Structure formats: C-alpha cells, structure tokens
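All remarks here apply to the structure that follows.
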Protein chains: 2
Amino acid sequence: MMTRREEQRLERRAAIIEVAAQLFVEKGYGATSMSAVADALGGSKATLWKHFASKEELFAAFIEGRISLFREEVSQTLASTGNVRADLSKAVLHLLRRILSEPSLVLYRLVIGEGGRFPEIGRIFYERGPKANQDAFAMFIQARMSEGELRKGDAQEAAGMVIALCSGGLHQRALWQDSKPTKKEIEAEAEAVVDHFLRSYAAKAPK
Amino acid sequence: MMTRREEQRLERRAAIIEVAAQLFVEKGYGATSMSAVADALGGSKATLWKHFASKEELFAAFIEGRISLFREEVSQTLASTGNVRADLSKAVLHLLRRILSEPSLVLYRLVIGEGGRFPEIGRIFYERGPKANQDAFAMFIQARMSEGELRKGDAQEAAGMVIALCSGGLHQRALWQDSKPTKKEIEAEAEAVVDHFLRSYAAKAPK
DNA sequence: AGAAAAGCGTACTGGTTGGTACACTTTTTT
DNA sequence: AAAAAAGTGTACCAACCAGTACGCTTTTCT
C-alpha cells in the first residue's frame, strides 16, 4: 500500500519532471540549467537533488516518460476489416501524423542530438519507438500473408519497408528544416506509401 | 593574385577548423570549449578570435566544410550502362555505404542536435545532402523513363522513394544505437531497395 | 628599413553552472 | 507528542567558459 508521504513524494517528482520537460523541449539539454528548473518549479534547488542525483538523471527520467507516451497507440490502429488497402492506409496515416507532430519531432532531435552523452537512451527510444511500430506492422502483415491477401514473404522485412517509407520522406524534411508539412502532403504521402508497398506485396498483380 | 600573407592566413584558418572539427565531432558543440581548441591548436586564444568572431561562427565554418565534402560524389556513381538494375544497385550501394559511414553519422547527429541553435545549418545540410542525392537519382530515373526502361511517372517522387528506403532502414538503426551494420547487411539492404523500387517502377511486370 | 599584419602568451573579467551546506517550516507517521 | 521525512530559501563553492586586453615576437609587404 502507498503511504500518504510516498504519494506526495511521487507527485512532487512528477511535477519536477513536467516542469523540466518544458524547458528541455524549449531549450535543449545543455541550455537548461537546474536553477532554471527550480525557479520554474517554484521550489528550491535542494528539492531537485533529493529526487534526482544529477541533471543527467533528471533528463533520463524525462525521456523515459515521453517515450512511454508514444507506445501502444499504433497497434490499436491496425485492425483487420477485410480490406487490406484500407486498413494499411488508415494505420499509415496515423503513424505519419504522429511522427510528424511537433512533440514527436522535438523528441527525435533531442534523443539523436544528446545520443552521444546518453547512449542507452538512444537504444531504448529505438526499441520502443520505430522498432515497436515495425513489429506491429509485421504482425498485421504476417496475418494477411497467411490468409493469402498478401504475397508471402518476410513479414519483418515488409514492415521495415513501410517504416522506412514513412520515416524517410516528409519526416526527414521536417527534421531539418522546420517546414511543417500540410495535411494534404501528409495524406498524399500516406497513399504513396501504401501504393508502393502493395506494388511489392499485393497477392496478385493489380490490373 | 594571392599574397604570401593571405596564403598563410588561410592555412592557419584551415588548421583551426581542422582542429576544432576533431573536438566538435568527439565531444559535441556544447562540450567543446574555445580554450580547448586553442590548446589543441598549439596557438593562442587571441588568434582564434582574429579568425572567427565567435564560437558559433567557427562551428558554422566547420559544418559548411564537412557538407561540401559530401557533395558531388553521388552524381558520379550514377551513369547509365544500359542495365538499369545494375546501375541502380551500384549507386544505391555507394549511397548506403556513405550515409552509414561514421563521419556521416556523426555529422547527422551534430546537425540535428544543434539544429535549434543553428536553424540555417539544418536547411543547408538538407539541401546539399539528402535533397541533392534525390535530385541526382531523379535525373537518372527521368532519363530511363524517357527511354522506356522504366514505367513513366513522377521521377522526383520515384527518387524520393529510393532515398526514403535508403535512409529509413539501417540508417535509422545506426543513428540511435551505435550498432555498426555489417557489410552483408548493407549489401542485402541495397538489393532490397532496388527490388522494391523496380517492383514499383519496372517498365513491364516481372515474371 | 620601416610599417603593418599576424600570431603568441598570459592574465583577466563577468557570468553561469552543477552541486553543496545549513538552518528553517510543514506534513506525516508512529 | 515526538521523531522522521519532505520541502523551502538562501547563501555559497569551485570550476568553467566565451570573450577581452595588452605587450611581445615573427613574418611579410612596400
């Protein structure tokens, strides 16, 4: 059972992470000072070090929290309704919207940029992010292959193609410039991804 | 004509950039101090500020230098020998090897990571890097489309598919973890990229 | 030869940073 | 009621950093 003190301690800890998250996202790791976090928190610096032994530890906690936000959603959008193309279109569109969202882009930049300082975070992010998405698609594709609705082949590799197509186009452009893609561009890319995929993996050559 | 003084000044400037490049690559922008650059150079701090008005300016000069190293190579590898598949395989393999090389990965991380502080550098990098590659492929593809060796379509979009497939698979994995892909993995991915591309754009449906 | 430019070396400034110390108050547990 | 835990506020430290100032030597141009 959770004692009252432990509850409040966790609340305070969460508040610290939340306030730090805003600063990390806004200004990056290096430009965010612990004093600034304490000020934004309204509390004292001593409190910070009672919860996190160092700035690095606070950053790691923040990243882990963000990553867990991005889990689970994908597998939800991948249900089979009998129409493979429609199912894929829907899921791909969801995926594109998500990885092109500003919070997601900021997280990408942060993880890649500070990847040198925090090698483990990069690994965790990859496994729970892109890799998890690929696995979800692979499971869906595998099922359709078994049913004969897709040409049989390596489902994991096929899913890799989908992820690559999703993360190599608009996503790359958005990562470097801050040109936000329009909704139409996103929808067009989603269709193009599904088109390319089905050209490679449709059960029978489309007329 | 270049006077002797100007020559030596440029040499010294190049030496500074070279020495700074090593530190930037090793430790990142934030963790590289100007004093450290001066020490590694063997010279004095005053000299640094005679060449570069600020640390940011030095960093920008370093990045621009690196980017120009990565230009031009790609278009060289894209010649037509009459065999589309072979031509593409060769060029894709070259591209993959290059973007998966350690210097290239480090540059990626640096540009993305410090992208917030230097927004223009991200744009320049994109235009001279991924975008330039895409244009080179688009030109090749356009020519093959005209000759009837590839199904007619939007050459720029087709090239985008190649670039996306190249930068979405092993490259993503390499960016986050520091797992260096093996030569076999790279070759396999190159073949897979060409396979997928030709399935979408081959002039006639393969048997 | 003499002026000018470039570089060198060192010491310094003003500011910031991560992290600590300590005395104090509030809340919760026992 | 007393002990323990948590948080607060402030002052502080040692280290570091970008950038400056200045006097010195060496090289190059005219």
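Everything numeric in this text was worked out from a predicted model, so none of it was measured.
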| said: Would you say that Glu114(B) contacts Glu56(B) through its side chain, given a criterion of any heavy-atom pair below 4.5 Å between the two side chains? | reply: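 Not in contact.
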| task | Quick one: label Gly30(A) by what it contacts on the DNA or RNA (base, sugar-phosphate, nothing), any heavy atom closer than 4.0 Å. | result |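 Touches nothing.
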| request: Have a look at Thr47(A) and say if it touches a base, only the backbone sugar-phosphate, or nothing, with a 4.0 Å heavy-atom cut-off. | output: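 Base contact - Thr47(A) has a heavy atom under 4.0 Å of at least one base atom.
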| said: Within 45 degrees of the ring normal and closer than 6.0 Å to the centroid, is that where the cationic atom of Arg66(A) sits relative to Phe62(A)? | reply: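 Judged by the rule, Arg66(A) and Phe62(A) form no cation-pi pair.
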Between [N] and [X], is there an OP1 or OP2 to side-chain N/O distance shorter than 4.0 Å?
| X | N | value |
| --- | --- | --- |
| Arg13(B) | dA6(C) | no |
| Arg5(B) | dA5(C) | no |
| Arg9(B) | dG7(C) | yes |
| Thr3(A) | dT29(C) | yes |
| His51(A) | dG7(D) | yes |

Kindly point out which of [options] is positioned nearest to the side chain of [X]?
| X | options | answer |
| --- | --- | --- |
| Trp49(B) | dA18(D), dG19(C), dG9(C) | dA18(D) |
| Arg4(A) | dT8(D), dA18(D), dT29(C) | dT29(C) |
| Ser33(A) | dA18(D), dG18(C), dC29(D) | dG18(C) |
| Gln8(B) | dT28(D), dT10(C), dC17(D) | dT28(D) |
| Ala46(A) | dG7(C), dT8(D), dG9(C) | dT8(D) |
| Lys50(B) | dC8(C), dG19(C), dG19(D) | dC8(C) |
| Ser44(A) | dG9(D), dG7(C), dT20(C) | dG9(D) |

| request: Inspect the contact between Arg128(B) and Asp135(B) and indicate whether a charged nitrogen and a carboxylate oxygen are less than 4.0 angstrom apart. | output: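 Arg128(B) and Asp135(B): not salt-bridged.
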| Closer to the 5' end of DNA chain D via nearest nucleotide, is it Gly42(A) or Glu6(B)? |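 Residue closer to the 5' terminus by nearest nucleotide: Gly42(A).
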Measure the distance from [atom1] on [X] to [atom2] on [N] and round it to the nearest whole Å.
| X | N | atom1 | atom2 | answer |
| --- | --- | --- | --- | --- |
| Lys27(A) | dT16(C) | NZ | P | 11 Å |
| Glu11(A) | dT28(C) | CD | C1' | 14 Å |
| Leu48(A) | dT20(C) | CG | C1' | 13 Å |
| Leu23(B) | dC16(D) | CG | C1' | 16 Å |
| Leu10(B) | dG7(C) | CG | C1' | 15 Å |
| Lys55(A) | dT16(C) | NZ | P | 15 Å |
| Asp39(B) | dC16(D) | CG | C1' | 13 Å |
| Arg117(A) | dG18(C) | CZ | C1' | 13 Å |

| message | Let's test your reading of the model: under 3.5 Å, does the base of dG19(D) pair with the side chain of Lys45(B) as donor and acceptor? | response |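 Such a pair is found, so the answer is yes.
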| field | Asp154(A), Leu78(A), Val84(A), Leu150(A) screened by side chain to side chain contact (heavy atoms under 4.5 Å, CB included) with Ile141(A), the one that passes | value |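 Per the side chain to side chain contact (heavy atoms under 4.5 Å, CB included) rule, the option paired with Ile141(A) is Leu150(A), out of Asp154(A), Leu78(A), Val84(A), Leu150(A).
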| task | For this output row, return yes or no: ring centroids of Phe125(A) and Tyr108(A) closer than 6.0 angstrom. | result |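 For Phe125(A) and Tyr108(A), the ring centres are under 6.0 Å apart.
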| query | In terms of the angle between their ring planes, are His196(B) and Tyr201(A) parallel, tilted or perpendicular, with boundaries placed at 30° and 60°? | reply |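 Tilted, since the angle between the ring planes falls between 30° and 60°.
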| said: Using heavy-atom distances to pick each residue's nearest nucleotide on DNA chain C, tell me which of Ser54(A) and Arg12(B) is more 5'. | reply: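 Taking each residue's closest nucleotide, the earlier one in sequence belongs to Arg12(B).
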